Every structure is written in C-alpha cells, then in structure tokens.
Amino acid sequence: MKSAQDLATSGTAKLRLHSIAARTYAHLGDPDCVRYELEAAQQVDQDIRDDHHDDMGGEFGFSRERAAMSAGSSWLLIQDGANAVEASSRALELVQARTEEQRSVKVEMEATADLALAQLLNADLASAIATLGPVFELPPEQRVDGLLLRLNGVRSQLTVPALHRQREAVELGHHIEGFRRDSARSTLPGAPRYQLGS
C-alpha cells in the first residue's frame with residue numbers, strides 16, 4: 001500500500017489510497033493506523049490533478065464526500081461511534097452543498113445510514129430514527145446494495161442488549177425489514193435475501 005501511495009501523482013489518487021489503507025487497517029482492528037491514514041488523507045492537496053482521476057473521473061474519481069463517507073465506515077468498523085458521527089456528518093455536509101445535478105443520491109443515502117449506525121453506537125436511538133427518515137422515502141429503484149448492506153448493520157445494532165427491548169428500536173427494525181423487502185432488487189427472480197448480520 002505504501003508503494004502505491006508513493007507512486008500516486010494526483011491528489012485524488014492519494015486521497016483514495018489513504019482511504020483504502022484506512023479501511024484495510026480498520027478490518028485488521030488497528031485504530032492507530034486508521035487514524036494515521038485518515039489524517040494523511042486530510043492533508044492531501046487535491047489541486048494536484050491528473051487525467052484519469054480528475055478529468056476522466058467515473059470509477060477513477062474520488063470526491064471529498066466519498067472520502068468522508070469512507071472515513072466514517074472505517075471508524076464504524078472499529079466501533080468508534082464518536083469519530084464515525086463526525087466523519088459521516090461531514091460527508092453529508094459536503095454532498096448536500098452540491099447542486100441537485102451534482103449530488104450523488106447513493107453517497108448521500110449511504111452516508112446517512114452510516115451516521116445512523118454511528119448514533120446507535122453512541123446509544124442515541126432518537127437521533128438514529130430521525131436520521132433515517134430521508135432513507136425510508138427512497139423509491140425501490142434507488143435502494144442499492146451498498147445502502148441495503150449498511151442497513152443490515154443498523155438492524156444488527158438494534159439487537160444489542162441496551163436497545164433490543166425498546167419499543168422504538170423494535171419498530172425501527174421492522175421498518176428496515178420492510179424497506180429491504182420492498183426494494184427493487186429483492187423483487188427480481190433469484191435475488192439474494194439480505195440476512196441479519198450478513
């Protein structure tokens with residue numbers, strides 16, 4: 001990973017590589033390295049551009065809001081609710097600052113689900129319920145895999161001892177199950193069933 005970071009020429013490439021490294025260390029359960037990579041990502045100068053990552057964009061692009069969302073996901077993997085709330089909130093601020101034409105609904109809704117999970121890690125059920133309001137308004141065709149998988153995480157967190165007996169947590173869990181069941185993907189022949197904890 002360090003070799004790739006050294007070879008990267010554009011700010012966007014470096015930002016993406018530091019974000020990937022942070023996620024890798026999060027999966028390994030190394031919070032110090034997660035913090036190091038995310039702090040390095042924040043120092044990247046995105047004014048340094050190249051053709052692939054900036055002008056071509058697409059799969060090569062990596063916006064600040066995607067980086068912030070990725071940071072939130074990394075903090076979630078190591079169960080750091082406070083930093084996950086901060087990063088996911090930042091992702092939402094960045095995406096919502098864009099014009100309607102520039103805004104990515106996918107990034108916005110996935111960051112919203114991450115924020116809700118972070119709030120649950122902080123035992124803030126009321127905020128998580130309020131946060132997920134816009135997600136539940138999505139039409140079936142916009143309920144993409146990344147969002148459904150994140151909602152799996154939210155659903156799992158609702159079953160922890162501190163929450164699972166609360167009426168609001170039970171109702172939110174049922175709401176998530178209905179949302180997933182009514183997604184466009186779940187109605188396709190042979191579509192996988194999203195299981196709790198998958």
Side-chain angles (χ1 to χ4, degrees), residues 1-99 102-124 127-128 131-132 135 144-147 149-154 156-157 160:
M1 185 66 70
K2 184 66 167 62
S3 304
Q5 290 172 352
D6 291 340
L7 289 172
T9 56
S10 81
T12 299
K14 290 179 182 293
L15 179 64
R16 185 171 198 157
L17 287 169
H18 283 301
S19 298
I20 292 171
R23 187 78 69 90
T24 301
Y25 286 123
H27 279 291
L28 294 172
D30 189 335
D32 291 336
C33 286
V34 170
R35 185 178 298 276
Y36 173 84
E37 293 294 342
L38 293 180
E39 288 177 351
Q42 290 178 349
Q43 302 303 315
V44 166
D45 182 0
Q46 281 196 285
D47 288 337
I48 302 173
R49 302 169 61 86
D50 70 13
D51 291 340
H52 285 99
H53 294 91
D54 301 291
D55 297 328
M56 184 182 297
E59 287 301 312
F60 292 101
F62 199 70
S63 64
R64 279 288 179 186
E65 54 264 38
R66 285 185 64 189
M69 184 178 74
S70 180
S73 296
S74 294
W75 290 121
L76 285 172
L77 284 168
I78 55 173
Q79 301 287 293
D80 188 329
N83 278 311
V85 164
E86 182 178 349
S88 299
S89 297
R90 178 61 177 157
L92 287 173
E93 290 172 3
L94 289 167
V95 73
Q96 289 168 2
R98 292 188 178 274
T99 65
Q102 295 174 323
R103 186 178 299 181
S104 168
V105 174
K106 179 180 185 295
V107 171
E108 184 174 7
M109 293 298 103
E110 290 181 5
T112 299
D114 280 350
L115 176 57
L117 178 53
Q119 291 164 333
L120 289 177
L121 287 176
N122 294 337
D124 188 355
S127 291
T131 293
L132 287 173
V135 172
V144 297
D145 284 355
L147 176 59
L149 290 172
R150 281 169 163 82
L151 288 175
N152 269 352
V154 174
S156 294
Q157 188 63 26
V160 301

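Values in this document were obtained by computation on a predicted structure and should not be read as measured data.
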Item to complete: Mind listing the closest non-hydrogen atom pair of S63 and L15 along with its distance?
Response: O-CD2, 4.2 Å

Item to complete: Check M69, E65, R66 against V95 for a side chain to side chain contact (heavy atoms under 4.5 Å, CB included) and give me the one that passes.
Response: E65

Worksheet item: Rounded to the nearest 0.5 Å, what separation is found between the OG1 atom of T24 and the CG atom of L28?
Response: 7.0 Å

Worksheet item: Among all residues two or more places apart in sequence or in another chain, which pass the side-chain contact (heavy atoms from CB on, under 4.5 Å) test with N122?
Response: V85

Worksheet entry | Shortest non-hydrogen contact between A84 and L76, atoms and distance | CB-CD2, 3.7 Å

Practice prompt. Under the side-chain contact (heavy atoms from CB on, under 4.5 Å) rule, collect the residues that match up with A26, sequence neighbours excluded.
Written response: V34, S74, L77, I78

Response to the item:
In terms of heavy-atom contacts, L132 and A113 come closest through CD2-CA, 4.2 Å

Worksheet entry | E110: partners by side chain to side chain donor-acceptor pair (under 3.5 Å), with sequence neighbours left out | K106, R150

Worksheet item: From H18 NE2 over to Y36 OH, what is the distance, rounded to the nearest 0.5 angstrom?
Response: 7.0 Å

Discussion item. Going by side chain to side chain donor-acceptor pair (under 3.5 Å), name the residues that satisfy it together with S104, two or more places apart in sequence or in a different chain.
Written reply: none

Worksheet entry | Sequence-distant partners of E93, side-chain contact (heavy atoms from CB on, under 4.5 Å), two or more places apart | R90

Item to complete: Mind checking side chain to side chain donor-acceptor pair (under 3.5 Å) for Q96 and listing every partner two or more places apart, or none if nothing turns up?
Response: E108

Item to complete: Before giving the answer on side-chain contact (heavy atoms from CB on, under 4.5 Å), spell out for M109 and T112 the whole-Å C-alpha distance, their side-chain angles and the decisive distance to 0.1 Å.
Response: CA-CA 5 Å; M109 293 298 103; T112 299; 4.2 Å; yes

Practice prompt. Locate the shortest heavy-atom distance separating A68 from L94; write the atom from each residue and the value.
Written response: CB-CD1, 4.4 Å

Discussion item. Using side-chain contact (heavy atoms from CB on, under 4.5 Å), reason through L120 and V160 one step at a time and then give a plain yes or no.
Written reply: CA-CA 10 Å; L120 289 177; V160 301; over 6 Å; no

Worksheet, complete the sentence: Note: L115 and S89 closest approach over all heavy atoms is CD1-OG, 3.6 Å

Worksheet item: For F62 and S19, which heavy atoms make the closest approach, and how far apart are they?
Response: CE2-OG, 3.5 Å

Fill in: Pairwise distance OG1(T12) to CZ(R16) - rounded to 0.5 angstrom
10.0 Å

Discussion item. So, using side chain to side chain donor-acceptor pair (under 3.5 Å) as the criterion, who are the partners of S70 when residues are at least two apart?
Written reply: R23

Practice prompt. Applying side-chain contact (heavy atoms from CB on, under 4.5 Å), name anything that partners E86, two or more places apart in sequence or on another chain.
Written response: N83

